[in-house]
Asks: 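Got a structure for you, written out below as structure tokens; questions coming shortly.
Proteins come first, then strands; the chains are lettered A, B, ... in the order of their sequence lines, and each starts at number 1.
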2 protein chains.
Amino acid sequence: MDLDQRIKDKMMKNNIRPSMPRTRIYKYLLEHRNHPTVDTIYKALQSELFSLSKTTVYNTLALFTDKGLVRAIGIEDKELRYDADLHTHGHFKCVKCHAIFDFELDLDTINLQGLSQFIAEDYHLNVKGVCRNCQEV
Amino acid sequence: MDLDQRIKDKMMKNNIRPSMPRTRIYKYLLEHRNHPTVDTIYKALQSELFSLSKTTVYNTLALFTDKGLVRAIGIEDKELRYDADLHTHGHFKCVKCHAIFDFELDLDTINLQGLSQFIAEDYHLNVKGVCRNCQEV
DNA sequence: TTCGTTTTTTGTAACGATTACAAATGTAGA
DNA sequence: TCTACATTTGTAATCGTTACAAAAAACGAA
């Protein structure tokens, strides 16, 4: 089964009608793991979806987030970024070059006794600092 | 030494001139650990600082954050919240009542091998879910 | 103290990401 | 095809935040 078909199946399984903008946006997120912003996605897809509206990108990402297809990551910027990678991982933001990196994270190793009173649904570990490249300068 | 004096000392130690708005804002943060927003602080202090400007609150909090007196926490909202509690802890946001809770967190228990390439300066663990009160409904 | 300089505060205007909303378009089923 | 519903679109509004320059306050030297 090819990628486009898998994307459609995934969407239908989550009660999302696989319209053209939606499948393109989801495909873009699957193929670009660099945590794009709404604007990045919008600009990238304009050439293939002539009439695409930015509102559609917003609507679609809100829908995806709601249905659990993607995660919104807000790491100190004012604009949200989106991530189709659902496996547990943290985000590192370099304060010098502003790039965002994924890093491996094993939630099981964390002592989360402090959360015993809560029903936790979603974990976001955001770390800021200096990335490898920027350390050399 | 009384609180006001300790606040002034703390500020001067961090190269922050202890002006009236600054000391009041810092004091407010020390006495209100519920992660207030800029607007909350602004409204609360208006009665005692007649001419206070919202810009001053923004400026002051940016300065405090820069000097390491407070931490800005951005937990999925568009507006930042501020926390004068510098001891390591996580933030839990209830998706039902939108309240934000602190929870104890031992960073040493986390396997952060994935960060070995980076120089980490700042950790933010944000968890979303349902708080104790909202579970009962 | 007084003058001149620097820092801080203030108010207004601008910015930018996001949302509201209603019209237009597309889609599915009878 | 017709009808009902879902989706997309464009524009306008919202709202937290920032830019900026003027006003006010604090400081240091003479």
Asks: B/T55 has a side chain; which of C/dT12, C/dA20, D/dA26 sits nearest to it?
Replies: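 My answer, after comparing the listed nucleotides, is C/dT12.
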Asks: Taking OH from A/Y42 and P from C/dA17, how many angstroms apart are they, rounded to a whole number?
Replies: 13 Å
Asks: Using the benzene-type ring in the case of Trp, are the ring centres of B/F118 and A/F103 under 6.0 Å apart?
Replies: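 No; A/F103 has its ring centre 6.0 Å or more from that of B/F118.
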Asks: Could you state the atom-to-atom distance from CZ of B/R24 to C1' of C/dT10 in whole Å?
Replies: 18 Å
Asks: Without decimals, in angstroms, what is the distance between B/Y58 OH and D/dG16 P?
Replies: 7 Å
Asks: Could you check B/V38 against A/N15 and say which one's nearest nucleotide on DNA chain D is further toward the 5' end?
Replies: A/N15
Asks: Using a strict threshold of under 4.0 Å (side-chain N to carboxylate O), is an ion pair present between A/D85 and A/R71?
Replies: no
Asks: What's the CD1-C1' distance between A/I16 and D/dT7, to the nearest Å?
Replies: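 Taking atom C1' of D/dT7 as the reference, CD1 of A/I16 is at 13 Å.
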Asks: Once rounded to the nearest 0.5 Å, what's the spacing between atom NZ of B/K27 and atom NE2 of B/H32?
Replies: 10.5 Å
Asks: Can you tell me the distance, in whole Å, between the NZ atom of A/K54 and the P atom of C/dA20?
Replies: 17 Å
Asks: When you match B/K78 and B/N59 each to their closest nucleotide on DNA chain D, which lands nearer the 5' end?
Replies: B/K78
Asks: For B/T60 and A/D39, take the nucleotide of DNA chain C holding the closest heavy atom to each; which residue's nucleotide lies nearer the 5' end?
Replies: B/T60
Asks: Find the distance B/M11:CE to C/dT7:P and express it as a whole number of Å.
Replies: 16 Å
Asks: Classify the ring geometry of A/H91 against A/H89: parallel below 30°, tilted from 30° to 60°, perpendicular beyond 60°.
Replies: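 Perpendicular, since the angle between the ring planes exceeds 60°.
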Asks: Give one of base, sugar-phosphate or nothing for B/S51, where a contact means two heavy atoms less than 4.0 Å apart.
Replies: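 Sugar-phosphate, backbone atoms only, no base.
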Asks: Counting heavy atoms from C-beta on, name the nucleotide in C/dT27, D/dT17, D/dT9 closest to the side chain of A/S53.
Replies: D/dT9
Asks: Got a salt bridge between A/D102 and A/R33, using NZ or NE/NH1/NH2 to carboxylate O under 4.0 Å?
Replies: no
Asks: Could you work out which one of D/dG10, C/dT10, C/dT18 sits closest to the side chain of B/T56?
Replies: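 Nearest to the side-chain atoms of B/T56, counting from C-beta on, is C/dT10.
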Asks: A/L49 has an atom CG; how far is it from atom P of D/dT9, in whole Å?
Replies: 8 Å
Asks: Report the distance from atom CZ of A/R22 to atom P of D/dT9, rounded to the nearest whole Å.
Replies: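 Rounded to whole Å, this separation is 11 Å.
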